[in-house]
Amino acid sequence: YKIIRNPGKIVLVENITATTYTDTDTHSLDLGYYTYDVVSYNDSGDGATATTSEILLGGALTVPWIENFNTSSYLLWTILDANSDGTKWNRYTTSEQIEISPSYSRANDDWAISPPIFLEGGKQYQLMWTNRTSTDNKEAKYSVTIGNSNAIASQTTILFPEVVVLTTTKAYQALLV
């Protein structure tokens, strides 16, 4: 087999007969989505190609980091509809923000988890954001967490257990130690 990482068509290994392979050089990559082609071949040439699903790889983002939610940066976020109600965070295409239309009749369990950001131990970091609702006389609520992966179960540090959002734009900040 021949294993190729895309984009870039980087041939990682040829003449491999094993049925598993570990790409050990992913931390030096730019953070983004990659696929792998596994190509069977012999002396007569290439045979069938199997392509993996996209996988988020690369080093963590570094600070200072400013999110502008353009198309390419938004794709690095993990967006989860954990309660499967069809409601989730979306990129608001006319400005630099994400939005959600929360349910007012049932519990919300929707997540927007940032790409990995490198934070060095023993240093302080400041997290800042603004929010508002677009629905008059309705408040929305959300929590702000941090974790060591993009899995919901990893969001173990709660910075703000309940942020109440009103129609007025409000700025928030958290000091991370």
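None of these values were measured; they are calculated from a predicted model. FYI, the numbering just counts along the sequence from 1. FYI, side chains are in, hydrogens and waters are out, and symmetry mates aren't considered; it's all heavy atoms of this structure.
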Cluster membership besides I66, Ile/Leu/Val/Met/Phe/Trp/Tyr side chains within less than 4.5 angstrom, sorted by chain and number, is none
Apart from L57 itself, what residues make up its hydrophobic cluster when side-chain heavy atoms of I, L, V, M, F, W and Y under 4.5 Å apart count as a link, directly or indirectly?
Y1, I3, I10, L12, V13, I16, Y21, L29, Y34, Y36, V38, I55
Does D30 CG have over 12 foreign heavy atoms under 6.0 Å away?
no
Given side chains that start at C-beta, do those of L31 and P116 come closer than 4.5 Å, heavy atoms only?
yes
Keeping the roles fixed (side chain from T156, backbone from G147), state whether a donor-acceptor pair exists under 3.5 Å.
no
Donor-acceptor side-chain pairing of E67 and W77 below 3.5 angstrom:
yes
Counting neighbours of NZ on K88 that are heavy atoms of other residues, nucleotides or ligands and sit closer than 6.0 Å, is the number greater than 12?
no
How close do G86 and D81 get, counting heavy atoms only, and between which atoms?
N-OD2, 2.8 Å
Can you get from I100 to Y172 by hopping between Ile, Leu, Val, Met, Phe, Trp and Tyr side chains that sit under 4.5 Å apart?
yes
Note, N131 side chain near Y142 side chain (heavy atom, < 4.5 Å)
yes
Is the shortest distance from a Lys or Arg side-chain nitrogen in D37 or K9 to a carboxylate oxygen in the other one below 4.0 Å?
no
Atom pair CG/CD1 of L61 and I117 - distance to nearest 0.5 Å:
6.0 Å
Do the side chains of I79 and W111 get nearer than 4.5 Å, heavy atoms only?
no
Among T145, V144, I146, which residue satisfies the side-chain contact (heavy atoms from CB on, under 4.5 Å) criterion with I158?
T145
Is there a path from L80 to Y74 through hydrophobic residues (I, L, V, M, F, W, Y) whose side chains come within less than 4.5 Å of each other?
no
Residues L76 and P115: closest non-hydrogen pair is CB-CG, 3.7 Å
Rounded to the nearest 0.5 angstrom, the CH2-CZ distance for W129 and F160 is 4.0 Å
If you compare all heavy atoms of W65 against all heavy atoms of S114, which two are closest, and at what distance to 0.1 Å?
CH2-CB, 4.1 Å
If we ignore angles and hydrogens, is there a donor and acceptor under 3.5 Å between the side chains of N15 and Y41?
yes
If you measure only the distance, is there a donor-acceptor pair under 3.5 Å linking the side chains of D25 and S28?
yes
Heavy-atom nearest pair, L159 first then A174, reads CD1-CB, 4.4 Å
Point-to-point distance, once rounded to the nearest 0.5 Å, from CG of N90 to CD1 of I98
9.0 Å
Enter the distance from F69:CZ to Q97:CD here, rounded to the nearest 0.5 Å.
9.0 Å
Compare every heavy atom of N68 with every heavy atom of S73, then report the nearest pair and how far apart it is.
OG-OD1, 3.4 Å
Within the structure provided, determine whether V63 and Y125 are in side-chain contact (heavy-atom separation under 4.5 Å).
yes
Quick one: name the residues clustered hydrophobically with V39, using the 4.5 Å side-chain heavy-atom rule over I, L, V, M, F, W, Y, and just say none if it's on its own.
I4, V11
Could you tell me the separation between the CD1 atom of I113 and the CG atom of N150, rounded to the nearest 0.5 Å?
6.0 Å
Rounded distance [0.5 Å steps], CG in N148 versus CD in Q155:
8.0 Å
Exercise: identify the closest heavy-atom pair between S154 and S149:
OG-OG, 2.8 Å
